[in-house]
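Only one structure is covered here, and it is reproduced in the block below.
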Amino acid sequence: MLSNSQFKRTLRADIKRAVRSLPGFFVTAVIFVAMAGIITYYAKYFVFDKEDFSSAKVAYYVGADDEPGQSQIDIITDMESIKESASLIQVESEEEGKNMLVNNEVAALLVVPGNFVSDMGSEESAIRVYFSDDDSFEGYLVNDIVMIISRLYGNARTAVLSYRTIATARGFEDELVKKESNVLNTRLMTDVFARTGEYEIKEIDSSDNYSLEQQFTCSMIILVMFIMCFWLISFYKGHNSSYKMLQRMSGVSSIKLSLSSIICGTGLLYTVYLFIFIMLGIFKKGAKISSLVTFIPVLILIAGIAFILSELITSEHVIDIVLFLGVVILIYLAGGFIPLLLMPEFMRGVAAVNPMTYLLKTLMVILY
């Protein structure tokens, strides 16, 4: 009973210290939140450019007017099923598509020649892809889509060419070779469509369906919270060894003493989130009202990490450096600053074992 009473007195004392430090803590938070907001604004309008990463616009022109050719150009229209990552616009002529590309109305133009099927295997039958000179995320995204389709299309094309070469070498008549190669081509391209169709029927995890702006905002919120831990470190180290020894002699265990500090640290971080929540609402990017409660466990985790570091490392400057570099690197490797789609495959593998990846996903679910 005495121990609980002493813990309450310790907690009240820590709360008073936290309240006294609140003005300076909050002013610092406002500065960092404002900086994060400016960076997010810049990223949205000058880097990401679009509300949603899956909105890349692609124009396509089909020159084929024969029935076999028309059936095969579904390889273009089915591209939309791949990761739902392109908005496809059919144009009446190749020139119209090029004009849209020049005016930055689309990220790419795909042209299917009229002899797509009949001359398959020749340079004249190749699908032409035009990109703008704008080195944007959309361009990378369209390129990624084209690469996926090209692997399937390339396999089918290689099989048809191999058949033609073998059949001609064995002395088959040209007319027969052409007829049978068209049959083989149709079957193989049908298989290509079936494979792309698998993407269309695959369920997509709705928790990952967030815009780049939302993902970047969550990354900046986490970064701000960890930067504010620089202030918390000083608060945590406010208890010298003599004070801790006196508390233990009074019946307060090290666990309860740590718990008191973490509770106050969480409270200070919560004031920062309240400010961020209000700012998101003012700029019409409001978070869910439930986040005022569901965000608390995240704050406890962050406050706890800062407390552990303050106990393990003596120098505050070393803690600040370790905390800042560690958080920035983990957020980067989790795709918080640059989408994982644009990273090398081995870095995507790192994201799977990166704890920050799951913290970001959790935060997006909490906020949006």
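Between the CE atom of Met35 and the OG1 atom of Thr40 there is a distance of 11.5 Å, given to the nearest 0.5 Å. In this structure, Lys361 NZ and Ile366 CD1 are separated by 14.5 Å, a value rounded to the nearest 0.5 Å. Lys8 NZ to Ser260 OG: the interatomic distance, rounded to the nearest 0.5 Å, is 13.5 Å. The CZ atom of Phe32 lies 10.5 Å from the CE atom of Met220; values are rounded to the nearest 0.5 Å. Note that the CG atom of Leu232 and the CG atom of Leu309 stand 11.5 Å from one another [nearest 0.5 Å]. Taking CG of Leu363 as the start and CD1 of Ile222 as the end, the distance is 5.0 Å to the nearest 0.5 Å.
Ser261 approaches Phe307 most closely through the heavy-atom pair CB-CE1, 3.9 Å. Smallest separation of non-hydrogen atoms from Val272 and Ala29: CG2-CB, 3.7 Å. Of all heavy-atom pairs between Leu109 and Gly97, the closest is CD2-C, 3.7 Å. Smallest separation of non-hydrogen atoms from Ile319 and Lys237: CD1-CE, 3.8 Å. The shortest non-hydrogen separation linking Ala303 to Tyr236 is O-OH, 3.2 Å. Leu280 and Ala287 get closest at one heavy-atom pair: CD1-CB, 4.1 Å.
Annotation: side chain of Phe172 is not in contact with side chain of Ile166 (no heavy-atom distance under 4.5 Å). Counting heavy atoms from C-beta outward, Met228 and Thr28 have side chains that approach closer than 4.5 Å. Residues Thr271 and Phe25 meet the side-chain proximity criterion, which asks for heavy atoms closer than 4.5 Å. Lys288 is not listed as a side-chain neighbour of Leu367, based on a closest heavy-atom distance of 4.5 Å or more. The closest side-chain heavy-atom distance from Leu333 to Met356 is not below 4.5 Å.
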(message) side-chain contact (heavy atoms from CB on, under 4.5 Å), that's the test. Do Ser290 and Phe295 meet it? Break it down for me.
(response) CA-CA 8 Å; Ser290 60; Phe295 196 67; over 6 Å; no
(request) Given side-chain contact (heavy atoms from CB on, under 4.5 Å), test Phe324 with Phe230 step by step and report yes or no. (result) CA-CA 9 Å; Phe324 179 76; Phe230 296 173; 3.7 Å; yes
(message) Test side-chain contact (heavy atoms from CB on, under 4.5 Å) on Asn99 and Val91; report intermediate values, then the result.
(response) CA-CA 11 Å; Asn99 289 334; Val91 293; over 6 Å; no
(request) Could you check Tyr273 against Ser291 for side-chain contact (heavy atoms from CB on, under 4.5 Å), going step by step and ending with a plain yes or no? (result) CA-CA 10 Å; Tyr273 179 67; Ser291 66; 2.5 Å; yes
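Screening residues 316-327 for side chain to side chain donor-acceptor pair (under 3.5 Å) gives Ser234-Glu316 as the qualifying pairs, with residues at least two apart or on separate chains.
Of the possible donor and acceptor atoms, one in the side chain of Ser219 sits under 3.5 Å from a partner among the backbone N and O of Gln215.
Note on Leu301: it does not cluster hydrophobically with Tyr358, by side-chain heavy-atom contacts below 4.5 Å among ILVMFWY residues. In this structure, Ile39 is a member of the same hydrophobic cluster as Ile31, with clusters built from ILVMFWY side-chain heavy atoms closer than 4.5 Å. By the rule that hydrophobic residues join a cluster once side-chain heavy atoms approach within less than 4.5 Å of another member, Ile289 and Phe283 end up as members of one cluster. Cluster annotation: Val293 and Val298 are assigned to distinct hydrophobic clusters (Ile/Leu/Val/Met/Phe/Trp/Tyr, side-chain heavy-atom contacts under 4.5 Å, transitive). Linking Ile, Leu, Val, Met, Phe, Trp and Tyr whenever their side-chain heavy atoms come within less than 4.5 Å leaves Ile38 and Ile282 in two separate clusters.
Ring to ring, Tyr332 and Phe337 are not that close: their centroids are 6.0 angstrom or more apart.
Just one residue in the list Leu330, Ile329, Ile331, Leu325 forms a side-chain contact (heavy atoms from CB on, under 4.5 Å) with Val327, and that residue is Ile331.
Counting non-hydrogen atoms of neighbouring residues, nucleotides and ligands closer than 6.0 angstrom, the CD1 atom of Ile255 reaches no more than 12 such neighbours.
Listed by chain and number, the residues in a side chain to side chain contact (heavy atoms under 4.5 Å, CB included) with Phe275 are Phe26, Val30, Val33, Met279 (sequence neighbours excluded).
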